[in-house]
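Every number for a ligand or one of its atoms is a count from 1 in the order of the listing.
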Amino acid sequence: MQTEVAIIGAGPAGTTLGLMLHQAGIDCVVIERQSSDYVLGRIRAGVLEWTTVEILDSLGVGERMRAEGHVHSGVSIGWRGREILSIELQALSGRPMMAYGQTEVQTDLYRRADEVGLTIVFEATDVELHGLTGDVATDSPAVTFTADGGQQRIDCAAIAGCDGYHGVSRITIPDEVKTEYEKAYPFGWLGILSETPPLPQLMYVNNERGFALCSERNPMLSRYYVQCPLTDSVDDWSDDRFWTELLTRVPASAAETIVTGPSIEKSIAPLRSYVVEPMQWGNLYLAGDAAHIVPPTGAKGLNLAVADVRYLADAFIARAEGDQTKLARYSTTALSRVWNAVRFSWWLTMLLHRFPDQSPFDQRAQEQDLYYLASSRAAQESMAEQYVGLPLYPDLT
Ligand code: RFL
Ligand code: PHB
């Protein structure tokens, strides 16, 4: 088989890139290791930046999100048993954000892929990348895999590595040409889904017992998280223990209104920040979690994946029109936004969590950061601007 761009991974990054290229008339094939049901079963992101909302609209996948998603004009922060402030995102930044789960986004992307005839090969095993030399002039890229019981080969002009943190694409880049930046945090998030009505607004909580987050999926589906030690497993957390801990950490005014019920999903995610540079090597281009991981505190992972593929698709479109420069600069363009999100997610993680080795100095500095945020409009504006997402192509003039 022959195509222009072979896309590895049909998560949000790979499927969105496929739809963008297909819309622009650039031939592509998406190759996914799992079944579509498996990908849809992963409970992950819940918050979309407005930039992401607009990109999804432009691909014709925004209709259900607009009808069923919940537009939020603000998020609250709880501390010392009270709701200390509500960051009025819309008033401060001019844009709201959208609560719409990654499962729903992915469902809409797959549905659109079916409608427009984008080829996604699911359950492809033994995916291997070939013909990459690190030089766009000498590369002759190809992907081989096993699907439908047979070995298949796709020759292509470029490969987009959208295969997440554990994929094959990034490890194809030799160690001597890549630099990895990493920070692991000494805790995880225990998350549950429950068929109960959520709070009216997302609430992030810094409590002496640890971080908590109240979020939502729809009017009858809530998503809650509590910070937990990395050594814990879900078996350590009965529903009763989870609710008791959550209600202890959130401000009393919120605890009074939270409706508890049986969990229908429970999982623990470790928190880490990770970036690989550069995000391209010859005709291999990385996007999304394949190139970077952020802790979920800033709600940036899915949004960064969508922004990366917008830059990448724009660069492929420019190349099809004879301009090679955008593709040559893809990594530089994407990394600027990536590092903003990495820094923001790190800052919010440091602000809201309790660290096992937190010294009295760290503790006071964190308290001061919260006081400053609660008392300064400039600090709130800065947080709002970053939370709803910076412009894709900032005007620096
Ligand atoms: P994905 O979603 O991991 O998809 C990669 C796909 O590649 C496939 N794959 C392969 N396919 C072929 N061959 C191989 N060898 C392959 N290896 C892997 C995988 O099966 C998979 O289908 O990466 P992508 O597309 O870059 O998307 C990234 C997002 O999924 C991720 O950043 C977010 O979920 C992060 N995240 C959040 N992001 C937000 O923007 N807002 C949030 O509110 C938010 N909350 C979260 C989150 C992530 C969480 N966890 C569990 C890590 C909350 C949590 C708890
Ligand atoms: C979620 O709803 O899963 C969610 C919301 C906000 C975050 C992280 C996760 O910062």
Side-chain angles (χ1 to χ4, degrees), residues 6-18 30-36 38-49 51-52 70 72 75 97-103 105-106 109-110 120-129 143-147 159-172 188-193 198 202-204 211 213-218 221-225 265 267-272 274 286-309 338 341 344-345 348-349 352 387 389:
I7 302 171
I8 319 291
T15 322
T16 306
L17 178 63
V30 189
I31 303 143
E32 165 61 48
R33 180 166 58 184
Q34 306 288 355
S35 67
S36 56
Y38 182 94
V39 177
L40 292 171
R42 296 188 292 220
I43 306 298
R44 288 183 164 188
V47 172
L48 305 181
E49 291 179 355
T51 309
T52 304
H70 188 176
H72 284 279
V75 292
M97 53 87 171
M98 172 79 84
Y100 191 62
Q102 183 164 333
T103 307
V105 173
Q106 192 71 64
L109 290 168
Y110 283 163
I120 306 180
V121 182
F122 286 101
E123 299 183 73
T125 54
D126 307 321
V127 176
E128 284 180 29
L129 280 49
V143 180
T144 57
F145 54 93
T146 305
I159 299 176
C162 301
D163 46 353
Y165 185 69
H166 299 289
V168 288
S169 302
R170 188 183 62 252
I171 56 175
T172 306
W189 279 15
L190 168 68
I192 69 152
L193 269 182
L202 255 74
M203 179 178 275
Y204 292 88
F211 169 87
L213 169 60
C214 309
S215 182
E216 64 161 83
R217 287 295 176 272
N218 66 46
L221 194 56
S222 302
R223 180 77 166 151
Y224 294 102
Y225 298 95
E265 195 266 353
S267 52
I268 294 182
L271 268 67
R272 96 160 57 106
Y274 170 88
L286 303 179
D289 279 14
H292 40 74
I293 297 287
V294 285
T297 327
K300 290 291 171 216
L302 168 62
N303 294 294
L304 269 187
V306 172
D308 282 354
V309 297
V338 166
F344 177 67
S345 306
L348 208 52
T349 302
L352 295 174
Y387 196 85

> Would you mind telling me if ligand 1 is within reach of the side chain of A290, the backbone, both or neither, using heavy atoms under 4.0 Å?
neither
> Just need the protein heavy atom nearest to atom 5 (C) of ligand 2, so name the residue and atom and give the distance.
V47 CG2, 3.5 Å
> Backbone, side chain, both or neither: what part of S215 comes under 4.0 angstrom of ligand 2, heavy atoms only?
side chain
> Do V127 and R33 have side chains that get closer than 4.5 Å, going by heavy atoms?
no
> Which is closest to atom 16 (C) of ligand 1 by heavy-atom distance: D163, V121, I43?
D163
> My understanding is that we take every heavy atom of each candidate and find the minimum distance to atom 1 (C) of ligand 2. Doing that for M97, R217, E216, which one comes out nearest?
R217
> Is it the side chain, the backbone, both or neither of A299 that has a heavy atom closer than 4.0 Å to ligand 1?
both
> Considering only heavy atoms, which of V168, L213, V306 lies nearest to atom 15 (N) of ligand 1?
V168
> Could you identify the single nearest non-hydrogen protein atom to atom 3 (O) of ligand 2 and state the distance to 0.1 Å?
Y225 OH, 2.6 Å
> Would you mind checking which non-hydrogen protein atom is closest to atom 13 (N) of ligand 1, with the distance to 0.1 Å?
V127 CG2, 3.5 Å
> Say whether A305, considering both its backbone and side-chain N or O atoms, lies within less than 3.5 Å of an N or O atom on ligand 1.
no
> Is the shortest distance from atom 18 (C) of ligand 1 to a protein heavy atom below 4.0 Å?
yes
> Determine whether the side chain, the backbone, both or neither of T297 has a heavy atom under 4.0 Å from any heavy atom of ligand 2.
backbone
> What residue and atom, counting heavy atoms only, is the protein's closest point to atom 3 (O) of ligand 1, and at what distance?
R44 NH1, 3.2 Å
> State if W189 counts as touching ligand 2 under the rule of any non-hydrogen atom under 4.0 Å.
yes
> For atom 14 (C) of ligand 1, what's the nearest protein heavy-atom neighbour? Residue, atom name and distance, please.
R33 CB, 4.1 Å
> Any idea which protein heavy atom is nearest atom 8 (C) of ligand 2, and the distance to it?
P296 O, 3.3 Å
> Suppose we measure from atom 32 (O) of ligand 1 to each protein heavy atom; which comes out shortest, and what is that distance?
D289 OD1, 2.7 Å
> Heavy-atom distances under 4.0 Å are what count here, so tell me which part of R44 touches ligand 2: side chain, backbone, both or neither.
backbone
> Any nitrogen or oxygen of Q102, side chain or backbone, less than 3.5 Å from one on ligand 1?
yes
> Under 4.0 Å, counting heavy atoms only: does F145 come that close to any atom of ligand 1?
no
> Examine the proximity of ligand 1 to I31 and report which part, side chain or backbone, both or neither, has a heavy atom under 4.0 Å away.
backbone
> Which option out of G11, A10, A287, G191 puts a heavy atom nearest to atom 4 (O) of ligand 1?
G11
> Could you tell me whether some N/O pair between R42 and ligand 1 is separated by less than 3.5 angstrom?
yes
> Is it the case that ligand 1 has an N or O less than 3.5 angstrom from some N or O of A13?
yes
> Looking only at protein heavy atoms, identify the closest one to atom 27 (O) of ligand 1 and say how far it is in Å.
P12 CD, 3.5 Å
> Can you tell me which portion of I8 lies within the under-4.0 Å heavy-atom range of ligand 1? Options are side chain, backbone, both, or neither.
side chain
> Specify the protein heavy atom at minimum distance from atom 38 (N) of ligand 1: its residue, its atom name, and the distance to 0.1 Å.
L302 N, 2.9 Å
> Among all protein heavy atoms, pick the one closest to atom 10 (O) of ligand 2 and tell me residue, atom and distance.
Y204 OH, 2.7 Å
> Please confirm whether G46 comes under 4.0 Å of ligand 1, counting heavy atoms of the residue only.
yes
> What residue and heavy atom of the protein are closest to atom 20 (O) of ligand 1, and at what distance?
E32 OE2, 2.6 Å
> Atom 36 (N) of ligand 1: which of A45, P295, C162, G9 has the nearest heavy atom?
A45
